[in-house]
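Remarks on the structure that follows.
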Amino acid sequence: MPKRILIVEDEPAIADTLVYALADAGFEPVHAELARTAIARLKSEAFSLAIFDVGLPDGDGFDLCRELRRFSDLPVIFLTARGDEIDRIVGLEIGADDYVTKPFSPREVVARVRVILRRQSPAMFAENASSGRETIPFELDGDSGRIRYRDRLLELTRYEFLLLKLLIEHPERIFSREQLLEQVWSDPAEVFDRTVDTHIKTLRAKLRAVDPTSDPIRTHRGLGYSLDTGCSS
Ligand code: CA
């Protein structure tokens, strides 16, 4: 049975793109243009995940998510306007699982949908999984600005610390370069084209110095980086 994904988006071009990409990836996309249609369907039909545009003709995606959370913990991805940081923060605070900034590539959305659904299903086998998977080998002390990795204190620069902290706080979540730049680098003047990649590279080297056998920072080609928590192998 293909997994049903509800797309709530009033712009036909964007909705069509998502419907096509999700169907192509083996999902069963269902499209609603209005918040009230969406909520009716969410109450009466089974879905595996929902994608909410923030700006809808009869309300906003946040209210829709708040209403959904009263009766369901269905995973939600928000589609937010470019550069609107408030949207992203509010979205995550009210229980969204992820957000995608417009304009986006359909491939990125499909990848994020897959990651969230994959994250969901292993939870059902948590007992099994925990025996084979190591718990996350990082210890974060946000107050002192220190991170320990496999019981060794890491010597990190300010941005390496902020970058690794963000990844540790959201294990397995894929952050695009743009998202990392926005969330970690406060001063755009310090940012260059390869800033994120350069810091990831130095971070990896420092982690490898502690444990040469594992590389917990994963590169997702075309998407970004995530922190792998199943890095026991
Ligand atoms: Ca809209």
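What you see is a predicted model; the values in this text were computed from it and never measured. As the structure lists them, so they are numbered: ligands from 1, and atoms in each ligand from 1. In what follows, residues are counted from 1 in the order of the sequence shown.
- When atom types are taken as modelled, the side chain of Glu9 and the backbone of Glu11 share a donor-acceptor pair closer than 3.5 angstrom.
- Contact annotation: Glu9 places no N, O or S atom under 3.0 Å from the Ca ion (ligand 1).
- Inter-residue side-chain proximity for Tyr99 and Val76 is flagged as unmet; no heavy-atom pair is nearer than 4.5 Å.
- The nearest N, O or S atom of Gly55 is closer to the Ca ion (ligand 1) than 3.0 Å.
- When the N, O or S atoms of Asp53 are ranked by distance to the Ca ion (ligand 1), OD2 comes first.
- Taking the Ca ion (ligand 1) as reference, the nearest N/O/S atom within Asp10 carries the name OD1.
- Note on ring orientation: taking the six-membered ring where Trp is involved, the planes of His170 and Phe175 are perpendicular (angle over 60°, cut-offs 30° and 60°).
- The aromatic rings of Tyr159 and Trp185 sit parallel to each other, their planes meeting at less than 30°, with 60° as the upper class boundary.
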